[in-house]
> 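Below are the structure tokens for one structure; questions will follow.
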There are 2 protein chains.
Amino acid sequence: MNPLFHELFQKSRFLTNEINLTLKKHNLYASQWTVLFCIQKHGEMSLTQIWKYLNVEAPTITRTVYRLVELGWIDIRPGKDRREKIVSLSEKASQDFSTIKESILEFEDRMVESLTKEEETILIELLRKIK
Amino acid sequence: MNPLFHELFQKSRFLTNEINLTLKKHNLYASQWTVLFCIQKHGEMSLTQIWKYLNVEAPTITRTVYRLVELGWIDIRPGKDRREKIVSLSEKASQDFSTIKESILEFEDRMVESLTKEEETILIELLRKIK
DNA sequence: TAAAATAGTTTAGCTAGGTAAATATATTTC
DNA sequence: GAAATATATTTACCTAGCTAAACTATTTTA
């Protein structure tokens, strides 16, 4: 396998594992946090808005969202258009949000501390060129 | 989320989806191919050798290997040390291998064609710095 | 050499991605 | 306005990663 792709996949797995470790104390998994973050950023959202924004398929979001409802992080209600479901952060999620975000920011900083700002920019640009 | 990690995860998913598409005509999935490739490269291997080399956990390899046995790509036999299982490519896999490898190489080339050789090298190096 | 520790593999069960197809509601078209 | 089409979500079922714990065979140690 092309060493570039190999390295990319390895790093992707490494980072999700590390994020999961960081989130463990908050009882969250990486993709659950991603969804919470997305909702916090946009306020109320329909499921379709979420999966289009995160660029994943609808069933993935259905599943994660309902798990988050179960865990008490999210409230869900029908929209004006009765096909759609609207989700928003629960009281609990709103309260804990900034603490969790803090953990994640610390983690992210730690992960890129061996890169200069310039290198980080170049890395992003080069990744964007793959398509 | 840090735009670097966002881009990295997006690209990782994008690439596995594209690889799966490429492998569809050979009735294989990305990780199945990764395991086949690994075995072809090293000849006979124990399960532990495979998961250590690919840097994933043992149960992941157990599952993929047995699926590959089921599908007729791999032969499996007990080792001298009776705890271990040794796997090797089946007749079918050996025959089809180079054709599939060809598809993958074409795919990989297509994916990096907008990068110069230098950029590819830099990209790998920068990815390696994340840890 | 019997007991304890280690190594290789598997099982069970979780998250997280995907596709294909079903269902329910809205919208468009004839 | 009824029929056809489109949109939002869900269901079922794959692959693919993970952890924790079990099981078996080997190696080490007291």
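Throughout, protein chains are lettered first and strands after them, A, B, ... in sequence-line order, and every chain is numbered starting at 1. Side chains included, hydrogens not; waters and symmetry mates left out as well; all remaining heavy atoms used.
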> Take A/Q32 and B/S46, find for each the nucleotide of DNA chain C with the closest heavy atom, and name the residue whose nucleotide sits nearer the 5' end.
B/S46
> Hey, where on DNA chain C does chain A first and last touch, going 5' to 3'? Cut-off is any atom under 4.0 Å from a heavy atom.
C/dT15 to C/dA26
> Charged N to carboxylate O under 4.0 angstrom, A/E84 versus A/R77?
no
> Under 4.0 Å from OP1 or OP2 of D/dT9: is there any side-chain N or O of A/T48 that close?
yes
> For a quick check of understanding: with a heavy-atom distance under 4.0 Å over all strands, which category does A/E57 fall into, base, sugar-phosphate or nothing?
base
> Take the protein atom CD1 of A/I76 and the nucleotide atom C1' of D/dT10, then report the distance between them rounded to whole Å.
11 Å
> Round to a whole Å and report the spacing from CD1 of A/I61 to P of D/dT11.
16 Å
> Look at the rings of A/F5 and B/F107 and say which category their plane angle falls in: under 30° parallel, 30 to 60° tilted, over 60° perpendicular.
tilted
> Rounded to the nearest 0.5 Å, what separates atom CG in A/L105 from atom CG in B/N2?
9.0 Å
> Write down the distance between CH2 (B/W51) and P (D/dT19), rounded to a whole number of angstrom.
11 Å
> What's A/S31 touching, base or sugar-phosphate or nothing? Going by heavy atoms closer than 4.0 Å.
sugar-phosphate
> What is the separation between atom CG on A/L21 and atom P on D/dT19, rounded to the nearest whole Å?
9 Å
> D/dT26 P sits how many Å from B/E84 CD, rounded?
10 Å
> Without decimals, in angstroms, what is the distance between B/I19 CD1 and D/dA16 C1'?
13 Å
> Do A/K24 and A/Y29 meet the criterion of a side-chain donor-acceptor pair at a distance under 3.5 Å?
no
> Separation of A/R13 atom CZ from D/dA16 atom P, in whole Å?
12 Å
> If you find the nucleotide of DNA chain D closest to A/D81 and the one closest to A/K24, which residue's nucleotide is nearer the 5' end?
A/D81
> B/L68 has an atom CG; how far is it from atom C1' of D/dT15, in whole Å?
11 Å
> Would you say A/F97 has more than 12 foreign heavy atoms packed within less than 6.0 Å of its CZ?
yes
> Could you say whether B/R63 or A/P59 is positioned toward the 5' end of DNA chain D, judged by the nucleotide with the nearest heavy atom to each?
A/P59
> Under 4.0 Å between a side-chain N or O of B/R67 and OP1 or OP2 of D/dT15?
yes
> Looking at every non-hydrogen atom in both residues, tell me the closest pair between B/K85 and B/Y66 and how far apart they are.
NZ-OH, 3.2 Å
> Output the single nucleotide from D/dT9, D/dA16, D/dC18 whose closest atom is nearest the side chain of A/T62.
D/dT9
> Please determine if A/R67 and A/E70 form a salt bridge, counting it only when a charged side-chain N lies under 4.0 Å from a carboxylate O.
yes
